[in-house]
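In what follows, a structure is listed as structure tokens, so that the remarks can point back to it.
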Amino acid sequence: MKVLVINAGSSSLKYQLYNMTDESVLASGRVERIGMDSSIVTHEPAGKPEARDVSEILDHVTAVKRVIDMLIHPAHGVLSSMDEIDAVGHRIVHGGEAFKHSVIVTPEVKAEIKRLFDLAPLHNPAHMMGINAVDANMPGVPQVVVFDTAFHQTMPETSYLYPIPKVLYRRHKIRRYGFHGTSHSYVSEAAARYLNKPLESLKLVTCHIGNGASCAAIMDGKTLDTSMGMTPLEGLRMGTRSGDIDPAIVPFVMNKEELTLNEVNSMLNKHSGMQAISGLSSDMREVEEAMSEGDANAKLAFDMYVYRLKKYIGAYAAAMNGIDVLLFTAGVGENSATLRKAVCDGITFLGIELDDALNAERKKTARDISTPDSRVKVLVVPTNEELLIARDTYKLAMK
Ligand code: ADP
């Protein structure tokens with residue numbers, strides 16, 4: 001059984017082809033600059049050299065066609081025919097309140113995803129183009145949609161309602177949804193397996209720290225709370241996103257700087273966070289490097305980032321009335337020993353004791369970086385959202 005996983009953006013499309021017999025990746029790649037001249041397809045087949053193709057790809061239907069061409073290409077292909085693809089799984093950013101699990105794509109599911117365009121105007125329309133492009137190229141092949149928000153749908157009202165007029169929730173569904181759910185779900189299950197304990201018996205704070213960053217309080221195997229909100233802007237300080245700020249800053253800045261809604265939105269999403277404070281970069285590697293060379297702004301940006309993360313971990317430990325596992329994942333979480341140390345050394349009162357030597361090791365597998373005496377286990381678990389999408393697709397398509 002072979003499953004193709006697709007993450008369609010407005011001008012890009014990433015893909016992975018899985019052999020579900022052993023969950024190995026047969027090929028992965030991406031199409032960039034869809035809708036522009038000189039679009040690029042980069043294809044990485046397992047055990048063969050990378051292939052690149054530059055041509056004009058004006059829409060997603062053509063993009064999926066090019067992906068299939070690559071997958072069955074005589075030289076760098078990994079399949080003898082398109083018919084070997086049994087099912088396709090899609091990453092969908094926003095599932096609103098309608099989707100609490102992954103589902104098979106039907107006309108009703110498509111209509112519901114369309115109704116959610118308002119909540120994720122940059123992402124959901126692009127995902128829909130990906131679904132339609134697969135329909136056009138591979139008619140009859142089952143498709144499954146996996147939502148970034150679904151895992152967090154277990155949150156109670158106390159976590160997901162905002163204290164604003166309730167009519168806004170009824171009319172516009174303004175509430176906390178949370179994102180990175182596929183990742184929080186994947187790593188929490190992996191942690192339970194690693195510790196050989198039922199997930200339901202653990203209180204975890206999972207920190208998905210990449211360019212975008214969120215943490216989640218997970219108890220009884222479910223999300224109790226998570227830091228991203230109605231959109232992925234809320235919560236932690238991130239690469240270019242502000243995370244939590246006083247909401248009154250928005251009208252104040254619009255007035256003083258004569259900014260439009262779009263401009264202020266762009267300021268908070270694209271020109272804030274670590275980039276704004278360091279004045280240097282949104283990339284943690286560059287910020288850490290500058291900090292080690294004595295750059296004061298880089299140090300301030302790093303310290304602010306760590307400070308917010310510590311506050312959320314403490315808040316979630318309080319919300320769950322305890323914490324058994326602190327978990328780091330994603331680009332920064334998996335790779336930055338400096339960040340993990342700065343966070344853990346500042347919250348030892350919770351019963352967290354980091355083993356500096358284990359923390360400094362570089363490994364690509366799930367591992368415990370706390371001392372044997374540490375009451376809270378500190379784990380680093382590589383995330384793999386694509387694999388979870390492939391698994392859900394396999395499960396649902398096989399039914
Ligand atoms: P995205 O949110 O785009 O999926 P990733 O999870 O890939 O992002 O994380 C990207 C971030 O990970 C970047 O800020 C990058 O600097 C950081 N990163 C990657 N490797 C390291 C490292 N060795 N040390 C510190 N940060 C790292």
Side-chain angles (χ1 to χ4, degrees), residues 5-16 28 30 32 91-93 120 122-123 126-127 146 148-149 178-187 190 206-216 226-228 231-243 269-293 295 298-299 301-306 308-309 327-344 356 358-367 369 380-389:
V5 173
I6 288 183
N7 182 354
S10 55
S11 67
S12 72
L13 186 149
K14 293 189 204 137
Y15 63 94
Q16 269 94 8
S28 60
R30 58 192 181 277
E32 290 160 291
R91 175 201 177 210
I92 310 286
V93 163
L122 298 180
H123 294 102
H127 302 324
V146 180
D148 273 9
T149 47
F179 297 85
H180 295 142
T182 316
S183 177
H184 289 290
S185 165
Y186 178 87
V187 295
T206 49
C207 306
H208 175 113
I209 318 287
N211 280 320
S214 67
C215 42
T226 187
S227 59
M228 282 178 169
T231 78
L233 181 58
E234 194 182 341
L236 301 172
R237 288 159 180 161
M238 309 181 212
T240 62
R241 289 177 227 159
S242 64
N269 277 291
K270 298 189 181 145
H271 306 288
S272 294
M274 210 160 47
Q275 186 172 55
I277 301 299
S278 70
L280 188 74
S281 172
S282 61
D283 190 303
M284 183 58 96
R285 278 167 295 202
E286 287 178 36
V287 170
E288 283 185 16
E289 201 178 307
M291 184 168 71
S292 69
E293 286 160 5
D295 186 305
K299 176 158 171 39
F302 182 87
D303 289 349
M304 284 171 65
Y305 196 93
V306 168
R308 173 70 53 84
L309 194 47
L327 187 155
F328 292 96
T329 191
V332 178
E334 290 169 34
N335 294 301
S336 176
T338 313
L339 174 106
R340 292 191 301 255
K341 182 167 169 54
V343 170
C344 292
D356 287 341
L358 291 178
N359 181 41
E361 275 182 9
R362 296 197 143 269
K363 276 191 190 162
K364 286 277 167 220
T365 50
R367 61 205 171 98
I369 56 169
V380 180
V381 179
T383 193
N384 195 339
E385 290 156 282
E386 293 77 19
L387 178 57
L388 195 145
I389 295 172

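Since we're looking at a predicted model, the values are computed, not measured. When a ligand or atom number is given, it counts from 1 through the structure's own listing order.
- A heavy-atom distance below 4.5 Å is not found between the side chains of R91 and T182.
- Residue contacts with ligand 1, taken as heavy atom pairs separated by less than 4.0 Å, involve R362 solely via side-chain atoms from C-beta onward.
- Residue contact check: S336 has heavy atoms under 4.0 Å from atoms 25 (C) of ligand 1.
- Note on ring orientation: taking the six-membered ring where Trp is involved, the planes of H184 and H180 are tilted (angle from 30° to 60°).
- Between the CZ atom of R340 and the CG atom of N359 there is a distance of 4.5 Å, given to the nearest 0.5 Å.
- Contact between H180 and ligand 1 is absent, with no heavy atom of the residue lying under 4.0 Å from the ligand.
- Side-chain contact between K363 and T365 is present, with at least one heavy-atom pair separated by less than 4.5 Å.
- Looking at Y15 and V5, their side chains never come closer than 4.5 Å, going by heavy atoms from C-beta outward.
- Less than 4.0 angstrom separates atom 4 (O) of ligand 1 from none of the non-hydrogen atoms of the protein.
- Nearest non-hydrogen protein atom to atom 16 (O) of ligand 1 is D283 OD1, 2.3 Å.
- Between the side chain of H127 and the backbone N or O of A8 there is at least one donor-acceptor pair closer than 3.5 Å.
- Residue contacts with ligand 1: G239 is excluded, as none of its non-hydrogen atoms falls under 4.0 Å.
- Nearest to atom 17 (C) of ligand 1 among the protein's heavy atoms is V332 CG2, 3.6 Å.
- S292 contributes atom OG, which lies 11.0 Å from atom CZ of F302 (distance to the nearest 0.5 angstrom).
- Ranking the protein heavy atoms by distance from atom 14 (O) of ligand 1 puts M284 N, 3.2 Å first.
- In this structure, the side chains of H208 and M228 stay at 4.5 Å or more apart for every pair of heavy atoms.
- Looking at E334, its side chain does come within 3.5 Å of a backbone N or O of T383 through a donor-acceptor pair.
- Of the options S183, G331, S214, the smallest heavy-atom separation from atom 18 (N) of ligand 1 is shown by G331.
- The protein non-hydrogen atom at the shortest distance from atom 22 (C) of ligand 1 is N335 CB, 3.3 Å.
- Of the protein's non-hydrogen atoms, R285 CG, 3.6 Å is the one closest to atom 24 (N) of ligand 1.
- Considering only non-hydrogen protein atoms, atom 1 (P) of ligand 1 sits nearest to N211 N, 3.8 Å.
- Annotation for ligand 1: atoms under 4.0 Å from non-hydrogen atoms of G212 are 2 (O).
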